[in-house]
Amino acid sequence: MVNYQKLLVVIDPTSEQQKALSRALLIAQKTGASITAFLSIYDFSYEMTTMLSVDERETMRQAVVDDRTEWLTDLINEQVQDKNLAVDAKVVWHNRPYESIIYEVIDNHYDLIVKGTHEHSGLKSVIFTPTDWHLMRKAPVPVLLVKEHEWPEHGNILAAVNVGTEDKDHQSLNQQVTHTALAFARTLHGKLNLVNSYPGTPVNIAVEIPEFDPSDFNESVKNYHTESMKTFASAHGVADEHCFVKEGLPEDVIPSIAKKIDAELVVLGTVGRHGISAALIGNTAEHVIDALDCDVLTLKPEGFVSPLQK
């Protein structure tokens, strides 16, 4: 069973439908977790009112916070039908939403962040905000990004793993991703599936080394990953028909398999990057997430420390 006991739900003030709150309520109904509905607000104009004293500006800010807290409390009362579920409302004044969310997690020891994604108007694609990317890179706890796909019982949960790796950190992340996906599968009475992509033959090798046989190389790589998957899946009790090994980039393979099995949730590991390296290099997990039509749960490696932690 899923063992997240404190859920922090990021409220979207621009949307009438709070899909992140709905998803958190579903998790809480099955696990007994507590929920805090969290709203970060900021208006620069209140900081520029030079005619007012510091105390007067603080009074104005607090009045806005109180007004939004009342709005959020009413929203919770409308959306929460099960009165046995504990949902608190919290509104903070902060000019960087992602920082306020992460500080809230650190200070109050939440287990999971739940946040809705934005649909692009006129298109079926999803627009990820800077807050989404910052949370995936820097939050010290798992982040569940909620899209439009429902969570039916007996559905498919997909764990994205890298079974061919010999790197111990990646192996540890494989275990973490699989155990978490299995916990969700048990909680939702769903089926656990595993997906692993592997690279094809580099074109330059075939060109530069005439005696190189790309078909033999491809077959060897495929067999290696297939056998590695069988070993890994067997250790976790996953049947062969729920394992997918496919040549290609993760951002192509994982979304294609998720669509094929109509996954309701994809669980994957992400390496936290920040600063210039994040801007230049990016993150494979982020490219995967961008192409998925279902919810995504991103996990950090064990021992990850948020750059915002003191």
Side-chain angles (χ1 to χ4, degrees), residues 1-10 19-36 82 85 105 110-117 126 132 135-136 139-163 172-196 229 232-239 241-244 250 253-255 257-270 285 288-289 291-302 304:
M1 294 288 287
V2 174
N3 62 353
Y4 302 136
Q5 290 302 305
K6 288 190 69 175
L7 313 181
L8 185 69
V9 179
V10 180
K19 54 189 175 184
L21 180 56
S22 296
R23 197 71 87 226
L25 289 169
L26 175 60
I27 295 172
Q29 285 171 348
K30 296 179 178 294
T31 65
S34 64
I35 298 172
T36 296
D82 187 347
L85 295 177
V105 168
Y110 291 91
D111 302 315
L112 176 69
I113 297 170
V114 186
K115 185 180 184 302
T117 55
V126 169
D132 298 332
L135 290 177
M136 282 187 281
V141 298
V143 178
L144 176 62
L145 292 174
V146 181
K147 299 193 180 183
E148 296 299 328
H149 197 291
E150 292 299 322
W151 275 18
E153 288 206 346
H154 312 296
N156 283 302
I157 311 297
L158 184 62
V161 294
N162 179 13
V163 295
S172 175
L173 196 53
N174 284 340
Q175 298 290 338
Q176 188 181 351
V177 165
T178 305
H179 290 157
T180 301
L182 180 59
F184 269 95
R186 287 172 174 164
T187 301
L188 301 173
H189 307 293
K191 296 182 288 288
L192 172 62
N193 300 265
L194 302 175
V195 59
N196 180 88
M229 175 63 91
F232 185 85
S234 177
H236 294 86
V238 182
E241 61 265 29
H242 294 298
C243 297
F244 302 88
V253 172
I254 296 171
I257 298 301
K259 184 176 182 179
K260 178 180 179 180
I261 66 173
D262 191 24
E264 54 192 292
L265 174 67
V266 172
V267 183
L268 50 80
T270 178
V288 173
I289 292 161
L292 289 166
D293 292 326
C294 62
D295 288 12
V296 187
L297 179 67
T298 62
L299 308 179
K300 298 294 193 314
E302 287 186 14
F304 173 82

Working to the nearest 0.5 angstrom, can you tell me the gap between I261 CD1 and I157 CD1? 8.5 Å

Side chain to side chain contact (heavy atoms under 4.5 Å, CB included) partners for V10, two or more places apart: I101, I113, K115

Between C294 and E264, does the side-chain contact (heavy atoms from CB on, under 4.5 Å) criterion hold? Intermediate values first, please. CA-CA 6 Å; C294 62; E264 54 192 292; 5.7 Å; no

How far apart are the closest heavy atoms of A258 and L292, and which atoms are they? CB-CD2, 3.7 Å

Taking only residues two or more places apart in sequence, or in another chain, which ones meet L182 in a side chain to side chain contact (heavy atoms under 4.5 Å, CB included)? R186, L192

Can you find a heavy atom in the side chain of N162 that is under 4.5 Å from one in the side chain of L173? no

Those residues at least two apart in sequence (or on a different chain) that pass side chain to side chain donor-acceptor pair (under 3.5 Å) with N196 are H225

For H179, what residues pass the ring pair (Phe, Tyr, Trp, His ring centres under 6.0 Å) criterion, not counting sequence neighbours? H236

Heavy atoms, side chains only, cut-off 4.5 Å: are L112 and V141 in contact? no

Between T117 and K19, is the side-chain contact (heavy atoms from CB on, under 4.5 Å) condition met? List the steps. CA-CA 9 Å; T117 55; K19 54 189 175 184; 3.7 Å; yes

Close side-chain approach of I27 to W151, heavy-atom, < 4.5 Å: yes

Below 4.5 Å, heavy atoms only, C-beta onward: do L145 and M136 meet side chain to side chain? yes

Classify the ring geometry of H154 against H189: parallel below 30°, tilted from 30° to 60°, perpendicular beyond 60°. tilted

Any side-chain heavy-atom pair of D82 and L25 under 4.5 Å: no

4.5 Å side-chain heavy-atom contact, L297 and L299: yes

For E241, give me all partners under side chain to side chain contact (heavy atoms under 4.5 Å, CB included), at least two apart in sequence or on another chain. A239

Heavy-atom distance under 4.5 Å between the side chains of N156 and D262, does that happen here? no

Suppose the criterion is salt bridge (Lys or Arg N to Asp or Glu O under 4.0 Å): which pairs have a residue in residues 150-159, not counting sequence neighbours? K30-E153

Counting C-beta onward and ignoring hydrogens, is there a side-chain heavy-atom pair between V266 and D295 closer than 4.5 Å? no

